[in-house]
Participant: 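The structure that follows is given in the form of structure tokens.
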Protein chains: 2
Amino acid sequence: MRLPLKTEYACQVLAQLALTYDKDGVRQVEDLASAEDLSANYSVQILTTLRQAGLVNSRRGKNGGYQLARHPDEISLAEIAIAMEGETLVQSSPGNEGMSAAPVHAAWLRVNEAMLESCREISLTELIASPAEDTGAQDWVI
Amino acid sequence: MRLPLKTEYACQVLAQLALTYDKDGVRQVEDLASAEDLSANYSVQILTTLRQAGLVNSRRGKNGGYQLARHPDEISLAEIAIAMEGETLVQSSPGNEGMSAAPVHAAWLRVNEAMLESCREISLTELIASPAEDTGAQDWVI
DNA sequence: TTTAAAGTTGCGTAGTTTACTAATGTATTG
DNA sequence: CAATACATTAGTAAACTACGCAACTTTAAA
């Protein structure tokens with residue numbers, strides 16, 4: 001069960017926005033994308049989805065850019081994942097005509113709920129890289 | 001994040017085996033597959049995986065078939081999912097060179113752990129259809 | 001000891017999804 | 001009105017999923 005890269009990227013971009021939240025940080029796509037090693041074009045698509053979900057605000061034209069809609073403490077991993085993937089994080093099919101299809105589906109619905117709950121308990125603030133340890137991003141070879 | 005059909009099918013087939021566990025039920029593929037509305041061919045592949053994981057035993061030749069390796073209470077959804085998909089249920093990529101890649105990955109690892117824990121708490125017994133309500137499987141049209 | 005039932009293995013593949021790129025449209029500011 | 005930056009849509013190569021098929025091996029029973 002692979003977590004879509006798109007969802008991970010969304011987390012990274014939002015983490016990047018969270019870094020400059022208090023500095024009234026309006027950031028441009030190019031800036032965000034390069035900081036997270038993503039293509040600008042793809043980042044735009046992700047940011048558009050996040051805007052439609054109400055997690056970020058955007059401004060067009062010169063000096064435009066993106067900005068978190070709320071304080072990083074008030075944005076949970078659950079909201080991010082739901083914005084990218086829809087309400088059910090663990091999509092199990094209501095299924096075929098098999099005798100056990102229904103109870104199996106019900107069980108996975110419970111798992112989905114547990115996962116959602118776990119995602120609600122993680123805030124965007126926890127996704128920010130601690131400036132002390134740049135964790136490999138600055139590793140470079142001559 | 002779609003739960004693979006293969007994993008759901010594995011649950012259904014095992015639930016079917018659990019139904020006849022106390023009756024020393026050795027069941028044949030054709031039987032299991034039709035009860036769960038699956039193709040026999042595909043079910044074989046699933047059952048083979050489950051056997052390699054040690055969840056079922058098989059006997060070849062005439063009067064062969066499959067059988068649960070343990071009591072349904074002693075088999076958890078976690079074991080089933082791991083048998084089909086590997087240790088990590090929520091696979092997040094350790095990722096790119098982005099600044100926030102590491103903390104984001106760490107967060108999803110926590111979610112994975114929560115999901116695993118939730119799956120450990122659901123036993124195969126809970127996947128058995130209650131005989132009272134056949135929940136749609138017997139619906140038929142002339 | 002034949003024979004047929006039943007599991008085992010591996011290959012092939014159509015259809016879908018993912019992770020992008022690219023091109024074009026639209027709003028904002030100086 | 002021109003430069004800038006977000007918005008939207010279309011297109012696509014690669015990977016993955018959910019199967020089907022066929023050849024092989026094992027075992028019980030006749």
Side-chain angles (χ1 to χ4, degrees), chain A residues 1-13 16-17 25-34 36-69 81 83-86 91-93 95-96 98 101, chain B residues 1-13 17 25-34 36-69 81 84-86 91-93 95-96 98 101:
Chain A
M1 225 185 149
R2 171 138 221 99
L3 179 75
L5 275 175
K6 205 168 193 172
T7 302
E8 282 192 76
Y9 293 164
C11 293
Q12 290 183 234
V13 167
Q16 197 55 227
L17 280 174
V26 174
R27 311 270 298 276
Q28 299 178 355
V29 174
E30 202 61 55
D31 174 22
L32 296 170
S34 68
E36 295 299 339
D37 196 37
L38 304 173
S39 92
N41 257 320
Y42 198 28
S43 301
V44 164
Q45 297 177 32
I46 291 166
L47 282 159
T48 299
T49 302
L50 293 172
R51 177 180 55 78
Q52 288 164 347
L55 294 181
V56 303
N57 296 321
S58 70
R59 215 169 52 213
R60 306 228 261 202
K62 208 162 186 175
N63 300 333
Y66 296 91
Q67 191 174 25
L68 280 188
M84 304 307 295
E85 305 181 42
Q91 280 184 277
S92 68
S93 78
N96 58 14
Chain B
M1 227 183 148
R2 172 139 221 99
L3 179 74
L5 276 176
K6 205 168 192 172
T7 302
E8 282 190 76
Y9 294 163
C11 293
Q12 291 185 231
V13 167
L17 281 174
V26 174
R27 309 271 298 277
Q28 298 175 358
V29 174
E30 201 62 53
D31 174 21
L32 296 169
S34 68
E36 295 298 339
D37 196 36
L38 306 172
S39 91
N41 257 320
Y42 199 30
S43 301
V44 163
Q45 296 177 33
I46 291 166
L47 282 160
T48 298
T49 302
L50 293 173
R51 176 179 56 78
Q52 287 164 349
L55 294 181
V56 302
N57 296 321
S58 68
R59 214 170 53 212
R60 305 229 264 200
K62 211 160 184 175
N63 300 333
Y66 296 90
Q67 192 174 26
L68 281 188
M84 303 308 294
E85 307 182 41
Q91 279 184 278
S92 68
S93 80
N96 58 16

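Here is how names work: the chains are called A, B, and so on, in the same order as the sequence lines, proteins then strands, and each is numbered from 1.
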Participant: Test for a donor-acceptor pair under 3.5 Å between the base of C:dT21 and the side chain of A:Gln45, counting only N and O atoms.
Facilitator: yes
Participant: Between P on D:dC16 and CZ on A:Arg2, what's the gap in Å once rounded to a whole number?
Facilitator: 9 Å
Participant: From C-beta outward on A:Tyr9, which listed nucleotide comes closest to its side chain: D:dA18, C:dC20, D:dG20?
Facilitator: C:dC20
Participant: Give a yes/no on whether any side-chain N or O of B:Tyr66 is located under 4.0 angstrom from OP1 or OP2 of C:dT8.
Facilitator: yes
Participant: Starting at CG of B:Leu38 and ending at P of D:dA18, how long is that distance when rounded to a whole Å?
Facilitator: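 After rounding, the reported distance stands at 12 Å.
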Participant: Looking only at the side chain of A:Lys6 (C-beta and beyond, no hydrogens), which of the listed nucleotides C:dA19, D:dG20, C:dT29 gets closest?
Facilitator: C:dA19
Participant: Quick check for you: to the nearest 0.5 Å, what is the distance between A:Gln12 atom CD and A:Ser43 atom OG?
Facilitator: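 The OG atom of A:Ser43 is 9.5 Å from CD of A:Gln12, to the nearest 0.5 Å.
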Participant: Any side-chain N or O of A:Ser58 under 4.0 Å from OP1/OP2 of D:dA5?
Facilitator: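 It does not, given that no N or O in the side chain of A:Ser58 lies less than 4.0 Å from OP1 or OP2 of D:dA5.
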Participant: When you check the phosphate oxygens OP1 and OP2 of C:dG7, does a side-chain N or O of B:Thr48 lie under 4.0 Å from one of them?
Facilitator: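 No, because none of the side-chain N or O atoms of B:Thr48 sits under 4.0 Å from OP1 or OP2 of C:dG7.
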Participant: Out of A:Val26, A:Leu55, A:Val29, A:Asn57, which residue meets the side-chain contact (heavy atoms from CB on, under 4.5 Å) rule with A:Tyr66?
Facilitator: A:Val29
Participant: Any sub-3.5 Å donor-acceptor pair from A:Asn96's side-chain atoms to B:Glu36's backbone N or O?
Facilitator: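 Yes; at least one donor-acceptor contact below 3.5 Å.
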Participant: Give the rounded distance in Å between these two atoms: CD of B:Glu85 and C1' of D:dT17.
Facilitator: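 Going from B:Glu85 (CD) to D:dT17 (C1'), I get 12 Å.
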Participant: Under 4.0 Å between a side-chain N or O of B:Arg59 and OP1 or OP2 of C:dA5?
Facilitator: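 Negative; the distance criterion is not met.
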Participant: Check every atom of D:dT8, C:dG7, C:dT9 against the side chain of B:Val29 and return the nucleotide holding the closest atom.
Facilitator: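 For the B:Val29 side chain, the nearest candidate turns out to be C:dG7.
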Participant: Taking for each residue the nucleotide of DNA chain C with the nearest heavy atom, is it A:Gly61 or A:Ala40 whose nucleotide lies nearer the 5' end?
Facilitator: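 Here A:Ala40 is the residue nearer the 5' end.
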Participant: From C-beta outward on A:Tyr42, which listed nucleotide comes closest to its side chain: C:dA19, D:dA7, C:dA23?
Facilitator: C:dA19
Participant: Find which nucleotide of DNA chain D each of A:Asn41 and B:Leu5 is nearest to by heavy atoms, and output the residue with the more 5' nucleotide.
Facilitator: A:Asn41
Participant: Rounded to whole Å, how long is the line connecting atom CE of A:Met1 with atom C1' of D:dC16?
Facilitator: 15 Å
Participant: Below the 4.0 Å mark, does D:dA5 have OP1 or OP2 next to a side-chain nitrogen or oxygen of A:Asn63?
Facilitator: no
Participant: Can you tell me if B:Thr49 uses its side chain to pair, donor with acceptor, with the backbone of B:Gln45 under 3.5 Å?
Facilitator: yes
Participant: Let me know the distance between CG of A:Asn57 and P of C:dA27, rounded to the nearest Å.
Facilitator: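 One finds 18 Å between P of C:dA27 and CG of A:Asn57, rounded.
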Participant: With a 4.0 Å limit, can you tell me whether B:Arg60 has a side-chain N or O closer than that to the phosphate oxygens OP1/OP2 of D:dC24?
Facilitator: no
Participant: Counting only side-chain N and O atoms of A:Ser39, is one of them less than 4.0 Å from OP1 or OP2 of C:dT21?
Facilitator: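 So the side chain of A:Ser39 is within the cut-off, an N or O lying under 4.0 Å from OP1 or OP2 of C:dT21.
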Participant: B:Glu36 has an atom CD; how far is it from atom P of D:dA18, in whole Å?
Facilitator: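 Result: 17 Å.
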Participant: Whole Å only: how far is the CG atom of A:Asp37 from the P atom of C:dC20?
Facilitator: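 Nearest whole value for this atom pair: 10 Å.
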Participant: What is the separation between atom CG on B:Leu3 and atom P on D:dA18, rounded to the nearest whole Å?
Facilitator: 9 Å
Participant: CG of A:Leu17 to CZ of A:Arg27: how many Å apart, nearest 0.5 Å?
Facilitator: 6.0 Å
Participant: Which one, D:dA7, D:dA29, C:dG7, comes nearest to the side chain of A:Arg51?
Facilitator: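 Out of D:dA7, D:dA29, C:dG7, the nucleotide with an atom closest to A:Arg51's side chain is D:dA7.
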Participant: Choosing from D:dT27, D:dT8, C:dC20, which nucleotide comes nearest the side chain of B:Lys62?
Facilitator: D:dT27
Participant: With a 6.0 Å cut-off (strictly less than), is the heavy-atom count around CD of A:Gln91, excluding the residue itself, greater than 12?
Facilitator: yes
